[in-house]
S.K.: 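One structure coming up, written as structure tokens, with questions to follow.
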Protein chains: 2
Amino acid sequence: MSDDDSAVARERVIESMEQSAEVYGLSRSAGRIYGVLYFASGTLSIPELVEETGYAKSTVSNVTRTLSRIGLIHRRSSTGGGRRVQFEAEREVWFILQDVFQQYIQREVQTTLRTIRRAEEQVPADAREQEPIQNLRETYEDLEEIVQLASEYSAAELREALETYEQ
Amino acid sequence: MSDDDSAVARERVIESMEQSAEVYGLSRSAGRIYGVLYFASGTLSIPELVEETGYAKSTVSNVTRTLSRIGLIHRRSSTGGGRRVQFEAEREVWFILQDVFQQYIQREVQTTLRTIRRAEEQVPADAREQEPIQNLRETYEDLEEIVQLASEYSAAELREALETYEQ
DNA sequence: CTGTTTGTTCGGCTCAATCCGAACAAACCA
DNA sequence: TGGTTTGTTCGGATTGAGCCGAACAAACAG
């Protein structure tokens, strides 16, 4: 087993992360930068990330800011040692997914639910349109609860909950 | 309660659907066309959708094809009555979400998992890189199972499973 | 068979996102 | 202090997605 093989394998996983990034509405560069940080033994600075990824300094600067804001990476402002800003990947993928649930999906579900409820109040009870909206509301109420609970469990707990549920 | 109010309320819900469409990686036009079909009493043809949405015929043609492929709307090829192709919205939102789970998320999780496992085989057991990958694999294995089970339950069942789970 | 209605495909326009390089700002070093 | 390294911000080039109108194809009506 050569270092080459190992490097190729790592590259494949990073490419997979690039793809996943797109699914989450991020750019491919964000996926790569996260991936490089994920496999880095310690923390990396912006010049090091430029070296590793081949992206321009400005790109790395912008992307790291975005990733930090979302919580995919952490800014280790080790102002003690040097001026360099150090970045570290959040390696607990489940934490990231929980954040996505809380920040995006839950928000999306809640705002939609608000709109639906408001619409339901405005539409008279005898209107034809009432029925589909009512149906929509009920599904979203279930969704709200599901997302809420799912974001509180760990991956293993969630799996357990679904596996042990019967009828 | 005037018809205007009712129309406004419906418009708000459709706008909300436009926004949701973006979250699912679809265009706003897809959200609107789905919304119009959702509130339509029966089925609508392409010329009718052009009239209702204001989009060009070509846009409606392309978007309806996409939405049909994904399963958000159904092609009622009522070749019996006339030549017109009729479209109907899939109003069971949970069915749609299950499809998204099955077709996209599950696929995404599985391909990632395959890549991770292949990488794990290539990296020797004593390598430093082994540990983070192993962690990643375990989370994704949980994810695979979660997505699989979640896509089999109804919204109410899923909610019930999470609510009744203890420890 | 001719004209009309419906639906798809094609090329082009517009706009937004991504990324780059250059300019700038700030901190460190000698 | 002057020079170097690091980080951010800005304007611009490139690319892709979304949408349109026109051309084309196909089915129906008279």
Side-chain angles (χ1 to χ4, degrees), chain A residues 14-15 17-37 40 42-70 72-88, chain B residues 14-15 17-37 42-70 72-88 104:
Chain A
I14 291 180
E15 281 168 3
M17 287 172 172
E18 283 180 333
Q19 185 145 1
S20 297
E22 284 189 322
V23 174
Y24 297 143
L26 298 173
S27 60
R28 297 186 68 83
S29 56
R32 171 153 299 267
I33 288 176
Y34 173 80
V36 167
L37 282 171
T43 63
L44 292 181
S45 65
I46 287 186
E48 288 166 337
L49 283 171
V50 169
E51 170 67 23
E52 291 283 329
T53 64
Y55 283 113
K57 199 173 48 158
S58 56
T59 302
V60 174
S61 174
N62 286 321
V63 171
T64 49
R65 182 150 41 89
T66 301
L67 289 177
S68 297
R69 186 166 45 78
I70 306 181
L72 271 128
I73 67 178
H74 301 289
R75 243 188 130 93
R76 298 272 177 252
S77 37
S78 60
T79 340
R83 194 190 165 285
R84 281 183 160 186
V85 182
Q86 298 290 115
F87 292 99
E88 182 176 14
Chain B
I14 291 180
E15 282 168 4
M17 287 173 172
E18 283 180 334
Q19 185 144 2
S20 297
E22 283 188 323
V23 173
Y24 297 142
L26 298 171
S27 60
R28 296 185 69 82
S29 57
R32 172 154 297 268
I33 288 176
Y34 173 81
V36 167
L37 282 171
T43 62
L44 291 181
S45 65
I46 287 186
E48 286 166 338
L49 283 171
V50 169
E51 171 66 23
E52 291 284 328
T53 64
Y55 284 114
K57 198 173 50 160
S58 55
T59 302
V60 173
S61 175
N62 287 321
V63 171
T64 48
R65 182 151 40 89
T66 302
L67 289 177
S68 296
R69 186 166 44 78
I70 306 180
L72 270 126
I73 66 178
H74 302 290
R75 245 188 129 93
R76 298 272 178 252
S77 35
S78 60
T79 339
R83 194 191 165 283
R84 282 182 159 184
V85 182
Q86 299 290 115
F87 292 98
E88 182 176 13
Y104 292 84

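The shown structure was predicted, so the numbers you read here are calculated from the model rather than taken from an experiment. Every heavy atom of this structure was used, including side-chain atoms; hydrogens, water molecules and symmetry mates were not. Chain A is the first sequence line, chain B the second, and so forth, proteins listed ahead of strands; every chain is numbered from 1.
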S.K.: Taking side-chain hydrogen bond (donor to acceptor under 3.5 Å, both in side chains) as the test, write out the residues that go with B:S58, two or more places apart.
M.R.: none
S.K.: Using a 4.0 Å cut-off on protein heavy atoms (strictly under), produce a 5'-to-3' string for nucleotides 14-24 of chain D with B for base contact, S for backbone-only sugar-phosphate contact, and - for none.
M.R.: ----SSBB---
S.K.: Does D:dT9 have OP1 or OP2 sitting under 4.0 Å from an N or O in the side chain of A:R65?
M.R.: yes
S.K.: For the side-chain contact (heavy atoms from CB on, under 4.5 Å) test, which of A:V63, A:L72, A:I33 pairs with A:L26?
M.R.: A:L72
S.K.: Provide, to the nearest angstrom, the distance between the CD atom belonging to B:E22 and the P atom belonging to C:dA16.
M.R.: 12 Å
S.K.: Taking atom CD of A:E22 as the centre, report whether more than 12 heavy atoms of other residues, nucleotides or ligands fall under 6.0 Å from it.
M.R.: yes
S.K.: Rounded to whole Å, how long is the line connecting atom CD1 of B:I33 with atom P of C:dG7?
M.R.: 13 Å
S.K.: May I ask you to test the B:Y104-B:I70 pair for a side-chain heavy-atom distance under 4.5 Å?
M.R.: yes
S.K.: Under a 4.5 Å cut-off applied to non-hydrogen side-chain atoms, are A:L49 and A:V36 in contact?
M.R.: yes
S.K.: For A:F87, run the side-chain contact (heavy atoms from CB on, under 4.5 Å) check against A:V60, A:L67, A:T64 and tell me which one passes.
M.R.: A:T64
S.K.: Base, sugar-phosphate, or nothing: which does A:R75 touch, judged by heavy atoms less than 4.0 Å apart?
M.R.: sugar-phosphate
S.K.: Please state how far atom CZ in A:R84 lies from atom C1' in C:dC29, giving the value in whole angstrom units.
M.R.: 14 Å
S.K.: Using a 6.0 Å cut-off, check whether atom CD of A:Q19 has over 12 heavy atoms from anything other than its own residue.
M.R.: no
S.K.: In whole angstrom, what separates A:Y24's OH from C:dA17's C1'?
M.R.: 21 Å
S.K.: Could you tell me whether the phosphate oxygens of C:dG7, OP1 or OP2, come under 4.0 Å of any side-chain nitrogen or oxygen in B:S61?
M.R.: no
S.K.: For the pair made of CG in B:L49 and P in C:dG7, what is the distance, rounded to whole Å?
M.R.: 10 Å
S.K.: What's the closest nucleotide to the B:I46 side chain, out of C:dT8, D:dT6, D:dT8?
M.R.: C:dT8
S.K.: Within this structure, what is the CG-to-C1' distance between B:L44 and C:dT6, rounded to whole angstrom?
M.R.: 15 Å
S.K.: Round to the nearest Å and state the distance from A:Q86 atom CD to D:dT5 atom C1'.
M.R.: 14 Å
